[in-house]
There are 2 protein chains.
Amino acid sequence: MQSFTEENYLKIIYHLAEKTSNVQTNAIAEQIQTKPASVTDMIKKLAEKGLVDYVKYQGVTLTEKGKHAAVDIVRKHRLWEVFLVDKLNFKWDEVHDVAEELEHIRSVDLIERLDEFLGFPKSDPHGDPIPDKNGRFAKTQFIKLIELGIGDSGTITGVSQHSSPFLKHLEKLGLTLGKQIQVSDVTDFDGSVEILVAEKQINISREVAKHILISSNGKN
Amino acid sequence: MQSFTEENYLKIIYHLAEKTSNVQTNAIAEQIQTKPASVTDMIKKLAEKGLVDYVKYQGVTLTEKGKHAAVDIVRKHRLWEVFLVDKLNFKWDEVHDVAEELEHIRSVDLIERLDEFLGFPKSDPHGDPIPDKNGRFAKTQFIKLIELGIGDSGTITGVSQHSSPFLKHLEKLGLTLGKQIQVSDVTDFDGSVEILVAEKQINISREVAKHILISSNGKN
DNA sequence: TAAAATTTTTAGATTTACCTAAAAATAAAA
DNA sequence: TTTTATTTTTAGGTAAATCTAAAAATTTTA
Ligand SMILES: [Mn+2]
Ligand SMILES: [Mn+2]
Ligand SMILES: [Mn+2]
Ligand SMILES: [Mn+2]
């Protein structure tokens with residue numbers, strides 16, 4: 001069994017590995033809000049436990065065992081987020097920190113029953129997929145809104161940033177999961193994007209457009 | 001804010017103080033499954049934080065601040081137990097260990113919303129009262145079944161033992177919360193008690209009768 | 001490819017929550 | 001009221017997860 005802290009490391013490494021195959025010490029340190037020296041210590045420990053493969057100075061990768069453990073935590077995190085939003089009426093920008101704690105509660109029974117209670121949801125309040133109890137989930141294929149061209153349309157199905165200010169901002173703009181959007185213009189000057197959503201024309205910054213994930217209706 | 005460990009100490013001290021005013025080091029050690037020397041260390045720390053009053057060799061008592069913190073954890077523990085039983089269909093003998101972890105999740109918002117979601121329950125699956133958000137709750141007055149005389153009757157409203165084997169045993173005997181019982185005989189030989197429950201005559205050991213709490217219909 | 005910059009690791013400490021063994025205080029028994 | 005038993009505390013140490021400062025390796029730049 002892993003400690004609370006080890007679980008956090010595994011999850012962070014898992015998420016970082018979605019972007020780069022070899023996860024760097026500094027990247028982990030930044031995410032976990034600690035110093036690189038501490039990360040090196042923990043990596044050694046995880047390597048001894050067979051949860052990561054580690055070659056000095058070459059970064060880490062999760063072993064199958066480590067990946068399994070990480071996915072298990074991701075599953076718990078996302079199921080709890082669904083619980084908080086669907087049952088306790090939290091907003092999608094309020095759930096992250098609490099889920100960060102709840103994900104470490106260890107009881108297989110608890111999470112299976114929670115899954116059932118929630119109706120076996122397939123994705124969390126941010127559109128992220130929820131692994132099933134065997135750790136399997138469909139690799140969803142998103143396009144970043146920023147990558148769409150003028151005339152392209154699609155549905156908002158995810159966000160790649162979970163900070164409260166960002167999510168509150170989207171909410172205010174009416175850009176929530178499931179909304180249909182169409183790109184009507186891209187401003188040369190600052191790269192901001194003009195989109196049509198709910199029959200309204202709005203302008204969003206490049207920065208915002210980068211973090212909205214669209215399941216495309218196909219290019220125009 | 002208190003650590004996970006400090007919270008456990010506060011809760012244990014609170015429960016022990018329900019029986020004896022001055023809580024002893026050894027009693028805490030036994031409950032918390034640690035050594036008396038470790039308890040002394042922790043008590044000193046809690047005293048420094050103003051959570052307990054401590055006089056060397058004289059045991060501890062919770063300060064108002066400490067009591068408040070302890071009641072808060074008890075509230076969380078019991079609300080989570082209600083959640084597990086009412087919403088996730090756990091049995092009353094299965095909830096304790098998980099609640100032991102869940103009680104440490106810190107988010108005021110979470111617990112208030114959970115309370116509301118559960119319909120502001122007044123007691124947990126074992127009949128124990130749930131403090132409101134200000135820490136107030138009615139001191140329920142129970143009589144131990146063992147203290148009833150022949151002919152006395154009442155309703156099962158609590159248990160003073162939460163171990164799974166004990167609770168499973170009660171379940172099997174049909175002795176669950178809310179059941180009406182009447183004492184029909186007390187065996188001289190072993191002190192076992194014959195009771196009438198759901199129109200059936202059953203015999204329970206002294207040991208069992210000691211841990212069943214009755215709200216009496218009045219003596220006969 | 002040598003110098004400079006960056007990344008990562010080691011060495012040595014600190015803090016928290018434990019432990020064992022032994023000493024000190026208190027309570028119970030003789 | 002001694003002696004004995006029990007309870008509690010102190011002293012000194014360990015393991016987990018962190019830190020700072022400095023050394024070593026790797027990567028980038030010139
Ligand atoms: Mn976490
Ligand atoms: Mn999420
Ligand atoms: Mn606990
Ligand atoms: Mn209970």
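Note: hydrogens, waters and symmetry copies are ignored here, and every other heavy atom, side chains too, is used. Values in this document were obtained by computation on a predicted structure and should not be read as measured data. Protein chains get the first letters and strands the later ones, always in sequence-line order, with residue 1 at the start of each.
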Next item on the list: Enter the distance from B/Lys19:NZ to B/Ser160:OG here, rounded to the nearest 0.5 Å.
Entry: 7.0 Å
Check: For the pair made of NZ in B/Lys44 and C1' in D/dA11, what is the distance, rounded to whole Å?
Finding: 10 Å
Check: Atom CD in A/Glu112, atom CZ in A/Phe120: separation rounded to 0.5 Å?
Finding: 8.0 Å
Next item on the list: For the pair A/Arg106 and A/Glu7, find out whether any cationic side-chain nitrogen is under 4.0 Å from an anionic carboxylate oxygen.
Entry: yes
Next item on the list: Figure out the CD/C1' separation between A/Gln58 and D/dA24, and round it to whole Å.
Entry: 14 Å
Check: Tell me: CE of B/Met42 to P of D/dT10, nearest whole Å?
Finding: 16 Å
Next item on the list: May I have the distance from B/Asp41 (atom CG) to C/dT20 (atom P), rounded to whole angstrom?
Entry: 13 Å
Notebook entry, point to check: Roughly, in whole Å, what's the span from CG in A/Leu46 to C1' in D/dA16?
Noted result: 13 Å
Checklist line | Distance in angstrom units between A/Ile43 CD1 and D/dA16 P, rounded | finding: 17 Å
Notebook entry, point to check: Between D/dT20, C/dC18, D/dT10, which nucleotide gets closest to the side-chain atoms of B/Thr40?
Noted result: D/dT10
Next item on the list: Would you kindly compare A/Ser3 and B/Val39 by the position of their nearest DNA chain D nucleotide and give the one closer to the 5′ end?
Entry: B/Val39
Next item on the list: Check each residue of residues 4-27 of chain A for a non-hydrogen atom within less than 4.0 Å of any atom in DNA chain D, then write out the ones that pass by number, or none.
Entry: A/Thr5, A/Tyr9
Note to self: Check this one for me: any side-chain N or O of B/Lys56 less than 4.0 Å away from OP1 or OP2 of C/dT26?
What the structure shows: no
Item checked: Within 45° cone and under 6.0 Å: A/Lys87 NZ/CZ vs A/Phe117 ring -> yes
Check: Taking NZ from A/Lys35 and P from D/dA21, how many angstroms apart are they, rounded to a whole number?
Finding: 10 Å
Next item on the list: Return the value, rounded to whole Å, for the distance between atom CD of B/Gln33 and atom P of C/dC18.
Entry: 12 Å
Note to self: Parallel, tilted or perpendicular, judged at 30° and 60°: which one describes the rings of B/His96 and B/His162?
What the structure shows: parallel
Margin query: For the CG atom of A/Asp53 and the OG1 atom of A/Thr61, what is their distance to the nearest 0.5 Å?
Written below: 4.5 Å
Note to self: Under 4.0 Å, counting only non-hydrogen atoms across every strand here, what does A/Thr34 touch: a base, just sugar-phosphate, or nothing?
What the structure shows: sugar-phosphate
Margin query: Counting only side-chain heavy atoms from C-beta out, which of D/dA25, D/dT10, D/dT8 sits nearest to A/Tyr57?
Written below: D/dA25
Checklist line | Parallel, tilted or perpendicular, as decided by the 30° and 60° cut-offs, for the rings of A/His126 and A/Trp92 | finding: parallel
